[in-house]
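Since this is a predicted model, take the numbers as computed values, not measurements.
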Amino acid sequence: MVIVFFTVVFKTFSEANSLPHLCIYMAAGDFTLIRDLDVLKDIFTMKLRVIRLWTLDNYYNKNELFSIELILMGEEGNKIQGYVPKAYIYKFKKLLKEGEAFIIKSPNLAKMQERSFQLTNQLQKLALNLDSIVTPCDNFSGSVNGFDFVEYRAIIDGTVPDNMSLDVIGLVVVVGEIDARNADRKRHRIRIQIQNASGLQLDVNLWGDYGYTFLHYIQKNPNNVRIVIILQFAKISVWQYRRSVNTYYDVSKFIINSDIDDINVFKKSLDQDGPHENSKSTFTYMKSNRSSENDDFLLNNDLKTIADIFEPLEEKKYVIVATIKGILQNKDWYYPACTNCNTRAFSDTPSNEANVIGSFQHAKYECRNPKCTKLFMILVRVQDHTGSITLTMFEQDAKKLLKISVKDLIAKTARLGFGTGLYPSEINVLKDMKLAFIVSISKYNLERNNNQYSILRSSDDDNLIQYLEKNFVVLEGCNSQSFDVGTSDYESQDNKSIKDAISQTDDNVTLTNVFKSTATSPKKKFDTSKGLKRALEDVFVLDVNDKLSSSKATKVGGEDGQVKFLKVKLEK
């Protein structure tokens with residue numbers, strides 16, 4: 001009897017090893033949990049569900065797979081990354097499916113690459129190799145999707161780490177237009193806002209196919225007035241201290257209004273105080289008339305040096321990178337502005353006797369509204385490797401950089417017994433700050449040849465500043481001229497182009513741009529067929545225009561106000 005018993009057990013186990021239900025023959029203690037993984041062990045078995053699966057293409061051959069990437073979850077809810085290397089894709093490609101559970105025997109443990117962004121909290125990942133055995137399992141008792149939703153407030157306040165993926169769920173309340181200016185479809189983006197049951201809203205960026213999937217859903221479901229989405233394995237990005245949630249390459253899982261428990265429960269929480277299915281639409285369309293900070297610095301405005309914009313030549317906005325070297329303390333550091341009557345204590349028609357600041361002057365105006373506020377207006381002297389210039393910094397940027405409002409700074413100054421006529425020492429923290437600025441050359445600057453420009457936006461983001469400086473070095477290299485060159489160099493000069501550069505930050509957040517700078521490019525091509533002397537005469541016809549001072553304009557030229565020109569003469 002004993003012999004028969006063992007024979008039956010052996011046969012049953014052998015058959016089970018070849019059938020898709022091996023897990024029913026194994027006790028819970030036979031499985032290794034994710035938290036118990038030990039790199040010193042070669043043979044162990046795990047019961048896991050594939051909650052996310054994607055593939056990576058071969059860099060050198062897009063028609064060939066490089067690996068199969070996985071996010072796996074145990075019955076206890078812990079997650080770990082896994083992958084199938086190229087050599088063994090043939091063995092597991094048809095077997096592994098997202099959403100299904102498996103018994104995985106003899107996987108190998110590999111170290112996670114050291115990088116700033118993690119999809120799970122495990123520092124190891126499972127590698128399926130030649131010795132690994134993967135068998136389907138139908139008695140997995142854990143979660144189906146493995147969602148781990150994070151509270152909006154924790155994201156907004158920055159109390160959750162930016163380098164770890166997260167899951168969010170929310171009601172769509174704002175839908176923006178698709179930004180498809182980049183040639184790469186993966187860099188197209190749509191901005192939406194989602195709202196939780198408490199009414200708190202969160203910014204979400206859907207990149208590439210995620211954005212188009214969302215738009216297609218709206219188009220095919222025009223009568224669906226309430227849209228709830230889930231974004232799993234998303235990434236936080238921070239721009240100007242504002243946090244948003246973004247899709248992460250092909251890793252993120254995007255669910256729209258599916259009939260699953262998580263979405264149905266969320267909708268019920270909205271029904272307590274919110275709209276019902278037969279109410280009007282819960283979201284509004286947002287026109288893209290206001291570009292993001294990222295777009296303004298990288299896409300919408302040309303990158304220049306101070307030398308490039310030292311003379312105001314056209315009414316336009318530019319990006320510069322410069323360091324604040326000092327604060328001009330001979331002007332007021334704030335101005336009164338009434339939020340009640342929407343009036344500023346300035347006149348738009350400056351006189352010759354006025355102390356001009358930007359396009360305004362101090363006027364004899366006094367608001368009698370007791371709620372009249374004061375806003376920052378600080379004159380800063382900035383410098384880069386080509387020169388220095390004076391800029392006017394206003395409320396939004398000054399408050400962000402100083403981390404204090406005018407009202408609080410005035411109150412603090414008063415408590416110390418000082419008047420507002422003196423510059424508070426707190427403003428000196430601006431000194432030696434290297435910032436990216438968007439400056440505006442206004443009609444006023446052109447009419448008065450005044451190069452004291454207003455700051456429309458500033459950023460102290462180190463990644464952005466390094467990105468801009470890096471691209472400007474490339475620009476200067478492409479546009480620099482040398483007299484000791486041959487004909488081929490002249491002919492190829494205008495054919496050099498700057499390719500799109502991607503600022504890789506482990507996400508799809510940073511946009512790309514072709515910077516268009518003509519600051520150091522000659523307005524005419526060298527025609528070497530005329531000879532070097534003639535070519536130099538064509539190029540070096542310089543307009544002598546010294547209307548560059550912000551304090552006074554010097555008279556120009558020769559007789560009858562005509563402009564003088566200088567020509568470069570070559571000695572025979």
Side-chain angles (χ1 to χ4, degrees), residues 289 291 296 300-320 322 324 326-337 342-365 375-384 386-398 437-458 516-521 523 541-566:
N289 55 355
S291 60
D296 265 1
N300 300 339
N301 301 295
D302 292 340
L303 176 66
K304 299 289 184 180
T305 64
I306 289 177
D308 295 333
I309 65 171
F310 196 78
E311 179 183 5
L313 298 177
E314 62 176 324
E315 192 173 343
K316 196 173 180 180
K317 296 184 292 183
Y318 293 105
V319 175
I320 65 171
I324 297 177
I327 313 296
L328 277 65
Q329 301 188 11
N330 59 332
K331 304 292 182 184
D332 290 339
W333 53 276
Y334 65 88
Y335 66 94
N342 197 28
T343 304
R344 287 184 293 189
F346 294 112
S347 167
D348 288 329
T349 56
S351 67
N352 294 330
E353 300 176 355
N355 292 322
V356 177
I357 299 181
S359 59
F360 303 107
Q361 72 164 61
H362 286 289
K364 293 181 178 179
Y365 168 81
L375 302 177
F376 280 115
M377 184 179 64
I378 304 171
L379 274 65
V380 295
R381 190 71 175 175
V382 302
Q383 184 182 57
D384 70 1
T386 68
S388 55
I389 201 171
T390 299
L391 302 176
T392 306
M393 180 180 292
F394 290 100
E395 172 71 13
Q396 180 179 355
D397 297 289
F437 299 98
I438 297 177
V439 298
S440 172
I441 299 179
S442 65
K443 183 179 179 181
Y444 170 82
N445 296 123
L446 297 178
E447 291 176 347
R448 290 162 178 78
N449 293 291
N450 182 288
N451 63 357
Q452 184 174 308
Y453 308 129
S454 297
I455 299 172
L456 299 183
R457 184 172 286 169
S458 68
K516 302 174 181 178
S517 174
T518 57
T520 55
S521 299
K523 295 182 179 180
V541 179
L542 306 177
D543 183 357
V544 181
N545 189 344
D546 56 357
K547 299 179 181 180
L548 303 179
S549 173
S550 60
S551 58
K552 62 180 180 179
T554 308
K555 296 295 182 180
V556 196
E559 300 293 335
D560 300 324
Q562 295 181 354
V563 179
K564 287 183 179 179
F565 293 91
L566 294 180

Less than 4.5 Å apart, side chain to side chain, heavy atoms only: is that true for [X] and [Y]?
X      : Y      : answer
Asn451 : Asn445 : no
Arg381 : Leu328 : yes
Val439 : Ile389 : no
Asn301 : Tyr318 : no

Would the distance check show the side chain of [X] and the main-chain N or O of [Y] forming a donor-acceptor pair, the cut-off being under 3.5 Å?
X      : Y      : value
Asp384 : Thr305 : no
Gln452 : Leu391 : no
Asp397 : Ser458 : yes

> What residues form a side-chain contact (heavy atoms from CB on, under 4.5 Å) with Glu315, not counting sequence neighbours?
Replying inline: Lys443, Leu446
>> List the residues meeting side-chain contact (heavy atoms from CB on, under 4.5 Å) with Leu456, not counting sequence neighbours, and say none if there are none.
In response: Lys317, Ile438, Ser440
> Which heavy atom in Phe310 sits nearest to a heavy atom in Tyr453, and how many Å separate them?
Replying inline: O-OH, 3.7 Å
> For Pro312 and Ile441, which heavy atoms make the closest approach, and how far apart are they?
Replying inline: CB-CG2, 3.8 Å
> So Ile455 and Val380, side-chain contact (heavy atoms from CB on, under 4.5 Å) or not? Walk me through it.
Replying inline: CA-CA 10 Å; Ile455 299 172; Val380 295; 4.3 Å; yes
> From Thr390 OG1 over to Ile327 CD1, what is the distance, rounded to the nearest 0.5 angstrom?
Replying inline: 10.5 Å
> So how far is it from Ile324 CD1 to Gln383 CD, rounded to the nearest 0.5 Å?
Replying inline: 12.5 Å
>> With side chain to side chain contact (heavy atoms under 4.5 Å, CB included) as the test, pick out the partner of Ser454 among Phe394, Phe437, Tyr444.
In response: Phe394
